[in-house]
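Numbered from 1 within each chain, the chains take letters A, B, ... in sequence-line order.
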4 protein chains.
Amino acid sequence: MSNSPDPTRRSNASRQAILDAAAELIAEVGFRRLTIEAIAVRAGVGKQTIYRWWPSKGAVVFDALLALQHDADGLRIPESGDLGVDLRLLLRETAAGLVDPHLEEPYRAVLTEIQHDPVLVEELRERLLGPLLSATRDWIRRAQDRCQINAATDPAVVVDVLYGPLFYRWLLRTGPLDEDYLQALTAAVLPVITASSGPNPLRASVEGSPPVVAGIED
Amino acid sequence: MSNSPDPTRRSNASRQAILDAAAELIAEVGFRRLTIEAIAVRAGVGKQTIYRWWPSKGAVVFDALLALQHDADGLRIPESGDLGVDLRLLLRETAAGLVDPHLEEPYRAVLTEIQHDPVLVEELRERLLGPLLSATRDWIRRAQDRCQINAATDPAVVVDVLYGPLFYRWLLRTGPLDEDYLQALTAAVLPVITASSGPNPLRASVEGSPPVVAGIED
Amino acid sequence: MSNSPDPTRRSNASRQAILDAAAELIAEVGFRRLTIEAIAVRAGVGKQTIYRWWPSKGAVVFDALLALQHDADGLRIPESGDLGVDLRLLLRETAAGLVDPHLEEPYRAVLTEIQHDPVLVEELRERLLGPLLSATRDWIRRAQDRCQINAATDPAVVVDVLYGPLFYRWLLRTGPLDEDYLQALTAAVLPVITASSGPNPLRASVEGSPPVVAGIED
Amino acid sequence: MSNSPDPTRRSNASRQAILDAAAELIAEVGFRRLTIEAIAVRAGVGKQTIYRWWPSKGAVVFDALLALQHDADGLRIPESGDLGVDLRLLLRETAAGLVDPHLEEPYRAVLTEIQHDPVLVEELRERLLGPLLSATRDWIRRAQDRCQINAATDPAVVVDVLYGPLFYRWLLRTGPLDEDYLQALTAAVLPVITASSGPNPLRASVEGSPPVVAGIED
DNA sequence: GATTAAACGAGACGGTACGTCATGTCTTCTA
DNA sequence: TAGAAGACATGACGTACCGTCTCGTTTAATC
């Protein structure tokens, strides 16, 4: 007694028209004023056709974003062997996606939607973020193998340190993601991820300051 | 010929009731299903009283968040002189706010709303983010004066590197913000911001890789 | 590029429910406190369904009134050949409608609404008043053919003289529309409409008073 | 423990400004879209000053109408002794008020309001209609004394027959109240009210048709 | 002339209903 | 028989007014 439709009978023309219409409209009016009805009209499609195949407006936008990214061929992780060069390229490509006129609004919309939609966050993890993050983690691990990145650091943490600052500035709009910024960010982040060799008195305080840590770890 | 209401005649009881109701409701049903009507009913207030004083639902939630924060006395920036200790405390306090049962939903809501509301982003900059960020930047500058942080790095970039990873993980829900994570993040971030003195071959590649940089800097 | 809905797809169940609810509510609370929202709730119908098919609250009540009248089978014009008898029957049937517990309020509401709504007055003319008045005028003409009514008088004027006094008393509530009144009114009106035979000095003054008439006819 | 205000301290300037504003606004936007707030603003008066002295919007308009009528000096009942002349003058003056550009809308508004407001209908009876109707009835009685009007007819019925047709046409907008109509109406109505002496076969049927009347009077 | 109490203007308030909009479901017609 | 078209019940939107309720500010009448 399943009510789910038969995917083999799905009209691909309709699917494509819907994603195109969604992409166009989100660029025109933004996510807040984007409506299912408008998408249906623009796509020349019945509303039910949208409701049949997507659970929410956010899911449509998410799929539209994926389609746009495929057109742009996605994020490639550079690997020249030179960590500084690779890092700059990686950050630049990431930033380029965030400020791309066609992609920025959908990105913000998806980021927005996952805050309140557990289904969509799962979707995002599996189909957009997951591949990207695991590729990044592999890239990090290889750099660790080459002793370019401190092997003691969890790759997941390195990922946060790489992408986090970029997203933070982008989301809070505290400044532009221009070349100057990327340059400064790369210079600042690079030492974090490089192998730490000599003793570092500050670092020591983190690992060993007993009274504070005791209080903290309660 | 101004149509704006007279703030001196504003009912403080209504204002407080509205903020309380908003805080309660956002915790109960989340931001998406939060409605102005429900806030008005819960607060025992006419809808117009909300529309008179706030331009949008997001603005109400933002004020409710500010009020909650004031109750919690806000974020204090620690300054023991030990950079590692201070950094951990700072990150821990920040993270504590993000995962506080009363604050998490409002935080996500505000973060969400500023993506699509230029007025609110300005409000946020002035009244929530601004004070916090400038305090953080001052803290950084003092640490730079003590030669605990590389004086060549723009404090704004340091801010991004400090808070960015935390927000990134929190927004994308790629993992918990628990003590283990904060410990690892502190350990990873600390070297970024400490003064780098000796020659660093990787750093050199960032500053000097001619062919790539040439292409980039066009 | 028409935005008007397709009448062939109209839900007749909703239509009937709306008219019934309107009739009930107007009897319960009167026209002034009758609201579209209450009609929608009582009818188990969305407000939009009302707004889709009727332009105003008055129009709904008007249709409700028409439906009630159809149930009561409307006004029949009697024609026994005896003018006095017919006239009394006509006035009595008219008065019966005006004081019917189910119809009085809707009648007053419609009369009220047409004072301020040109669209509704047209509607009224075509669908309620028109048929009644033209039937009455035909009835008058046949009586004139039988020389029971002065053939020189415009049937439209006769109509006013027939119905006007009744409506006047009903609208201004200057007295009851009971049998005594109908009896007196019939007795008074009958001579108006009967063929005038003998010379009438007063009548003469109307037709011949030169100075006054001169001033009037300018 | 009376809450009613002290009439001796009433501001006459405000009273007049309110009535003027009401008269202006009803001419501009009609009664339906007339609001107390708009009257208050236009009159430069606080809303409470209106609510303090009038129980309803209809009451304000009623007073505004009375004031307008006083300016126009009201309806004088002509009495030349020639019934036909007097009747024409009376109908003409009545009709003139109904179609006066300044008075028509307020008249319709008041007529409308009394349908649903028992307080106002009483007010109307006492202050507007009452004096007019009793004057008319006196006029009729004097004509009856002069044997110009059938003394057997109740003056109240005569009043209805006089004014009713005019109001009927005016309210239902079935035709203009121009000189031609007034001429025809006068000619038609005059015989009703004149003394009928000789035998009238139709009249007889009214008074004596047993079978029909019997059925009716049950 | 100072006091004082009520009417006044202004307008914020808790409400109700408005008419519109978008949602997600359901039905009808068409390819 | 899937899909377009769109009517439907639902319910929130933001607005307009309602009638009540403070607020100072006149404005008379009393002291």
Side-chain angles (χ1 to χ4, degrees), chain A residues 3 5-6 8-11 13-14 17 33-41 43-57, chain B residues 3-11 13-15 17 33-41 43-53 55-57, chain C residues 3 5-11 13-15 17 33-41 43-53 55-57, chain D residues 5-15 17 33-41 43-53 55-57:
Chain A
N3 279 352
D6 177 355
T8 66
R9 307 199 49 177
R10 182 168 189 180
S11 156
S14 292
R33 279 176 298 176
L34 176 68
T35 67
I36 299 269
E37 303 221 334
I39 296 173
V41 169
V45 139
K47 277 199 295 177
Q48 197 57 42
T49 303
I50 300 180
Y51 284 111
R52 185 161 20 240
W53 300 108
W54 284 275
S56 69
K57 190 173 67 174
Chain B
N3 278 354
S4 53
D6 178 354
T8 67
R9 303 193 50 181
R10 184 168 189 180
S11 156
S14 293
R15 189 191 120 88
R33 277 176 299 174
L34 177 67
T35 67
I36 298 269
E37 303 220 335
I39 295 174
V41 169
V45 139
K47 275 201 292 178
Q48 199 58 48
T49 301
I50 300 181
Y51 286 112
R52 187 177 299 122
W53 301 109
S56 67
K57 189 175 67 173
Chain C
N3 278 354
D6 177 355
T8 66
R9 307 195 48 180
R10 183 169 187 178
S11 156
S14 293
R15 188 190 121 88
R33 278 176 299 175
L34 177 66
T35 67
I36 299 270
E37 303 222 333
I39 297 174
V41 169
V45 139
K47 276 199 294 178
Q48 199 60 52
T49 301
I50 300 180
Y51 285 112
R52 181 158 28 236
W53 301 110
S56 68
K57 189 174 69 174
Chain D
D6 177 354
T8 66
R9 307 199 48 177
R10 182 170 188 178
S11 156
N12 198 57
S14 292
R15 189 191 119 89
R33 277 177 298 176
L34 177 67
T35 67
I36 299 270
E37 303 222 333
I39 296 173
V41 169
V45 138
K47 278 198 293 178
Q48 195 66 262
T49 301
I50 300 181
Y51 286 111
R52 180 157 30 233
W53 301 110
S56 68
K57 188 174 69 172

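- To the nearest angstrom, P of E/dA22 lies 14 Å from CD1 of A/Ile50.
- Between the P atom of E/dA17 and the NZ atom of C/Lys57 lies a distance of 10 Å, rounded to the nearest Å.
- C/Leu34 and C/Lys57 get closest at one heavy-atom pair: O-NZ, 3.0 Å.
- Considering only side-chain N and O atoms, B/Thr35 lies nowhere under 4.0 angstrom from the phosphate OP1 or OP2 of F/dG11.
- Taking atom CG of D/Asp6 as the reference point, atom P of E/dC8 lies 10 Å away to the nearest angstrom.
- The shortest distance between the side-chain N/O atoms of D/Thr49 and the OP1/OP2 oxygens of E/dG9 is below 4.0 Å.
- Per the geometry, CD belonging to D/Glu37 stands 13 Å off C1' belonging to E/dG15, to the nearest Å.
- A straight line from OH of C/Tyr51 to P of F/dC8 spans 16 Å, rounded to a whole angstrom.
- Here the nucleotide nearest the side chain of A/Trp53, chosen from E/dA7, E/dG9, F/dG3, is F/dG3.
- Atom-to-atom, CD1 of B/Ile39 to P of F/dG14 comes out at 11 Å; the value is rounded to the nearest Å.
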List every contact pair, protein side and nucleotides 21-23 of chain F side both N or O, where the distance is under 3.5 Å.
unit_1 : atom_1 : unit_2  : atom_2 : d
F/dC21 : N4     : D/Gln48 : NE2    : 2.3
F/dT22 : O2     : B/Arg9  : NH2    : 3.3

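- Note that the CD1 atom of A/Ile50 and the OG atom of A/Ser56 stand 11.5 Å from one another [nearest 0.5 Å].
- The distance between atom CZ of B/Arg52 and atom C1' of E/dG11, rounded to the nearest whole Å, is 8 Å.
- What separates CZ of B/Arg10 from C1' of E/dG14 is a distance of 16 Å, to the nearest Å.
- In this structure, A/Arg33 places its CZ atom where only 12 or fewer heavy-atom neighbours from other residues, nucleotides or ligands lie under 6.0 Å away.
- Checked against E/dC18, F/dA9, E/dT23, the side chain of C/Ser14 finds its nearest nucleotide in F/dA9.
- Considering every non-hydrogen atom in both A/Ala43 and A/Ala17, the closest pair reads CB-O, 3.5 Å.
- Here the straight-line distance linking atom CD1 of C/Ile36 with atom OH of C/Tyr51 works out to 4.5 Å at 0.5 Å rounding.
- Among E/dC18, F/dA4, F/dG19, the nucleotide with an atom closest to any side-chain atom of D/Ile36 is F/dG19.
- To the nearest 0.5 Å, atoms CZ (B/Arg15) and CH2 (B/Trp53) are separated by 10.5 Å.
- From B/Arg52, atom CZ reaches atom OG of B/Ser14 across 9.0 Å, with rounding to the nearest 0.5 Å.
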